[in-house]
Each structure stands twice: as structure tokens, then as C-alpha cells.
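First the structure, in the form of C-alpha cells, and then the observations on it.
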Amino acid sequence: MREADEDRFREFARSQALLLRRCAYLLCGDWHLAEDLVQTTLVKLYGAWPRIERTDRPISYARTTLTRCWLDERRRPWRRAEERSGELPDTADATVDPALMHHQSAVRADLLAALAALPRRQRAVLVLRYFAGMSIAETAAALGCSEGTVKSQTSRALEALRTGFPIELPLLEGS
């Protein structure tokens, strides 16, 4: 790869790594695995960077690659047998009301548990549509399915969240 391409890739990786890591966490629910997924994604992007850079939106390509890396990771046999029971501690912020912080933490944990209970395609659709802000067409392209499948998976996933999540989800209304 030429030096100029490499510099542009480094700048892209620096500017988008945090967003990709957050998206990966929403997909997998584990910060360590999210970091691994982002690393795998960036390695794959590096190999195809001259071609990717010429596209209109390299971040869309990166999200698609990240989602496919996650789906591939879920297919690995050792992941199916693994049980995750550990919890990562949240850091306290002295400026926030402890009761409010506890409530937000509980809501976050409930939402992540509800997301984890969804089938992987429905979870991927929700993360790509509502967190990554992708359109239906972009989500369909990222997942390699039709737009109708994205719509039906979104509808089913939102219905499952509405029935399984203990509070109102104004964020996801009107989808």
C-alpha cells in the first residue's frame, strides 16, 4: 500500500475506532470481544483500503465488515459452549445522583439482557438501524438479505423488546 493510502487509513481508523467499538459492544455484549472484533475489522479493511477509500462512505463498509465478523464469530463452535457470568463494574461519577445512576445502570443492564435474548439477526438489525443509523437498504446490504427481511426482523425484534423490557422504549417507537 502506498504511504498516502496508509496515512488515510490510519486517520480513518483513529476517527472511527470508538464508534466501531461501541457498535461491536452492542452486538456482542462484551467489551473484550468488541475490541477483538474491531481489530479483526480493521485488519480486513486495511487489506482492501485502496478500493474501500474510493467509495462514498467507507464507514458503511466498516460497519458491514464488523457485523459480518461478529456473525462469523458467533458461528465458531467454542463460542456456543462458553458461559459468561462475570460482570464488569461501572465507574461511579460523584456529580450524578446515586439513585439516578443506579436506575440508569439497572435500565442499561435490562436493555442489554433483552438485546442478548434476541436472535443474532434481529439484534444485528436493531444495532445497525438504531445505533449505527443505517437505512433499511444499507442494513440489508450489510447483512446480505432483502429489505423486506430487514423490516420484518426489525418488527419482530422491537415487539420482543417491548414485551420483554420492563419500561417504555420511546427511542424505538415509530420505527
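The model shown is predicted, which means the values in this text are computed figures rather than measured ones. These values consider heavy atoms only, across backbone and side chains, with no hydrogens, waters or symmetry-generated copies.
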Checklist entry - Does the side-chain contact (heavy atoms from CB on, under 4.5 Å) test come out yes or no for Y130 and V125, once each step is laid out? => result CA-CA 8 Å; Y130 296 105; V125 166; over 6 Å; no
Checklist entry - If you measure from CZ on R121 to CD on Q153, what distance do you get to the nearest 0.5 Å? => result 7.0 Å
Checklist entry - Just checking, any donor-acceptor pair under 3.5 angstrom between side chains of Y46 and E6? => result yes
Checklist outcome for this item: Closest non-hydrogen atoms of A17 and V38, given as atom of the first, atom of the second and distance, are O-CG1, 4.4 Å
Checklist entry - If you measure from CZ on R10 to OG on S15, what distance do you get to the nearest 0.5 Å? => result 14.0 Å
Checklist entry - Between E138 and R57, is there a salt bridge with N-O shorter than 4.0 Å? => result yes
Next on the checklist: What's the separation between atom CD in E73 and atom CG in L66, rounded to the nearest 0.5 Å?
Outcome noted: 11.5 Å
Next on the checklist: Let me check something: do L19 and W31 share a hydrophobic cluster, defined by ILVMFWY side-chain heavy atoms less than 4.5 Å apart, either directly or through other members?
Outcome noted: yes
Item to check | L45 and F12, any side-chain heavy atoms less than 4.5 Å apart | outcome: yes
Item to check | Minimum heavy-atom distance C23-A132, with the two atoms named | outcome: SG-CB, 4.5 Å
Next on the checklist: Are L112 and F131 linked, directly or through intermediate hydrophobic residues, by side-chain heavy-atom contacts shorter than 4.5 Å (ILVMFWY only)?
Outcome noted: yes
Checklist entry - Going by heavy atoms in the side chains, are W49 and R8 under 4.5 Å from each other? => result yes
Item to check | Pairwise salt bridge (Lys or Arg N to Asp or Glu O under 4.0 Å) hits with a residue in residues 152-161, at least two apart | outcome: none
Next on the checklist: For R22, give me all partners under side chain to side chain donor-acceptor pair (under 3.5 Å), at least two apart in sequence or on another chain.
Outcome noted: none
Checklist entry - Should the heavy atoms of other residues, nucleotides or ligands under 6.0 Å from CD of E35 be counted, would the total exceed 12? => result yes
Checklist outcome for this item: Separation between CD (E53) and CZ (F9), nearest 0.5 Å, reads 10.5 Å
Checklist outcome for this item: dist S60:OG -> L128:CG (nearest 0.5 Å) comes out at 10.0 Å
Next on the checklist: With a 4.5 Å cut-off on side-chain heavy atoms, are Y25 and L33 touching?
Outcome noted: no
Next on the checklist: For a 4.5 angstrom cut-off between non-hydrogen side-chain atoms, does L71 reach L27?
Outcome noted: no
Show me the side-chain donor-acceptor pairs of residues 141-151 shorter than 3.5 Å, one per line, residues at least two apart or across chains.
from: S146; atom 1: OG; to: T149; atom 2: N; distance (Å): 3.1
from: S146; atom 1: OG; to: T149; atom 2: OG1; distance (Å): 2.9

Checklist entry - Rounded to the nearest 0.5 Å, how far apart are CG of L161 and CG of L118? => result 5.0 Å
Checklist outcome for this item: With K44 as partner, the option from T41, T40, L42 fulfilling side chain to side chain contact (heavy atoms under 4.5 Å, CB included) is T40
Item to check | Close side-chain approach of M134 to R129, heavy-atom, < 4.5 Å | outcome: no
